[in-house]
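Accompanying notes for the structure given below.
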2 protein chains.
Amino acid sequence: MELSAKSEYALLAMLQLALGHGKGEPMQIKEIAQCQSIPDRYLEQLLADLRRHGLVKSQRGARGGYLLAREPFAIHLLEIVQCIEGQDENETAPNTLEASIVREAWDESRRAAEQVLKGHTLQKLCELHDRRQSTVMYYI
Amino acid sequence: MELSAKSEYALLAMLQLALGHGKGEPMQIKEIAQCQSIPDRYLEQLLADLRRHGLVKSQRGARGGYLLAREPFAIHLLEIVQCIEGQDENETAPNTLEASIVREAWDESRRAAEQVLKGHTLQKLCELHDRRQSTVMYYI
DNA sequence: TTAATCCCCACTAACTTGGTGGAGATTTAG
DNA sequence: CTAAATCTCCACCAAGTTAGTGGGGATTAA
């Protein structure tokens, strides 16, 4: 039930890309890594995963970097986590009546969690981010 | 987000104890393990954990075994999972605005899952079990 | 042509998972 | 009192996961 560093890094990187989205320029691994205090060599692998799953696209060479593959309102948190965490589908069937009952309860709980993540898009997070930031500015 | 064997074993053992609850007799590790196809030496450790957290009580010696420490309606699935999975509280504080936003979204999702587990008591599972079993009987 | 950048593959240390093994303490039955 | 059944505790282990690090190669802009 805990958020792994891996997933948190991926979510942060995607949020960072979403915040920079609209400028059209790609964002580099190093830049993202520095902003969010993520080891860059590790983030590299996560971004490669995200690219293979079609959530971001990359541009190689000088002034290259990463861009969101879709608009921020069309990317929700569940797909980010699922793509990075690997959705292992090969679970063995329950072999007792009790096991199937326990599994059902667990599945219901998991679905509830997934629905919440599905409800959060990168755009929503960006809007929340902007509101927070302007509030902070107000106090300064 | 996946149910570990460890947690599933604990949930199954607790459900088994709940099904046998009322007879007043303790149930042995071996018996539970056989019914649910759990390695008995491993289950032993899980039951010890559950006992230390006050969810079950044990009786040593011949004809000893385990009993629920509370009535089945007063034990919900969340506490079983939390006690077995170990609720590690020492998470580092988010150091960026983005990190706190991501954490909040994740926490909301986790709370949704926990609420579902909290809503399921052992008694509810037992009732569901009895309904299923009588339905099966009907077909035979 | 060169510097910046992504791409890919391999390696690792520490930790977790899912167990197994063995000796000891306690209780009931006979 | 003794023996068998049962829980208790501590240690050990193999395989997998996590969170990285390292080194070189391919591609592109200036």
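Note on naming: letters A, B, ... go to the chains in the order of the sequence lines (proteins, then strands), and numbering restarts at 1 for each one.
In this structure, A/Leu67 atom CG and C/dT5 atom P are separated by 14 Å, rounded to whole Å. For the pair B/Tyr9 OH and C/dT16 C1', the interatomic distance rounds to 15 Å; values are reported in whole Å. Atom CD in A/Glu85 sits roughly 11 Å away from atom C1' in D/dT17 (whole-Å rounding). Between the CD1 atom of B/Ile29 and the P atom of D/dC9 there is a distance of 12 Å, rounded to whole Å. Between the CD atom of B/Glu2 and the P atom of D/dG16 there is a distance of 18 Å, rounded to whole Å.
Of the residues in residues 17-24 of chain B, not one comes within less than 4.0 Å of DNA chain C through any heavy atom. Contacts between residues 31-51 of chain B and DNA chain D, defined by a heavy-atom separation under 4.0 Å, are made by B/Arg41, B/Glu44, B/Arg51.
A heavy-atom distance below 4.5 Å is not found between the side chains of A/Val81 and A/Glu114. The side-chain heavy atoms of A/Leu125 and A/Leu77, taken from C-beta on, include a pair separated by under 4.5 Å. A heavy-atom distance below 4.5 Å is found between the side chains of A/Arg132 and B/Ser100.
From A/Glu104, atom CD reaches atom OG of A/Ser109 across 13.5 Å, with rounding to the nearest 0.5 Å. Residue B/Cys126 holds its SG atom at 8.5 Å from CD1 of A/Ile101, rounded to the nearest 0.5 Å. Here B/Ile38 contributes atom CD1 and B/Lys6 contributes atom NZ; the two are 13.5 Å apart, rounded to the nearest 0.5 Å.
Identified under the side-chain hydrogen bond (donor to acceptor under 3.5 Å, both in side chains) test for residues 8-22 of chain A, with sequence neighbours left out: A/Glu8-B/Arg103, A/Gln16-A/Gln36. For residues 10-29 of chain A, the set of pairs meeting the salt bridge (Lys or Arg N to Asp or Glu O under 4.0 Å) definition, not counting sequence neighbours, is empty.
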task: Start with the C-alpha distance between B/Asp40 and B/Gln34, add both sets of side-chain angles, then the distance that settles side-chain contact (heavy atoms from CB on, under 4.5 Å), and finish with yes or no.
output: CA-CA 8 Å; B/Asp40 54 355; B/Gln34 258 186 349; over 6 Å; no
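Using a 4.0 Å cut-off, some side-chain N or O of B/Ser58 falls inside it from OP1 or OP2 of D/dT8.
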Between protein and nucleotides 27-30 of chain C, what N or O pairs are separated by less than 3.5 Å?
residue : atom : partner : partner atom : Å
C/dT27  : O2   : B/Ala62 : N            : 3.0

Side-chain polar contacts of residues 62-70 of chain B - donor-acceptor pairs under 3.5 angstrom, sequence neighbours left out - could you list them?
residue : atom : partner : partner atom : Å
B/Arg70 : NE   : B/Ala74 : O            : 3.3
B/Arg70 : NH2  : B/Ala74 : O            : 3.3
B/Arg70 : NH2  : B/Glu79 : OE1          : 2.8
B/Arg70 : NH2  : B/Glu79 : OE2          : 2.8

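Contact between A/Leu43 and A/Ile29 at its shortest, heavy atoms only, is CD2-O, 3.9 Å.
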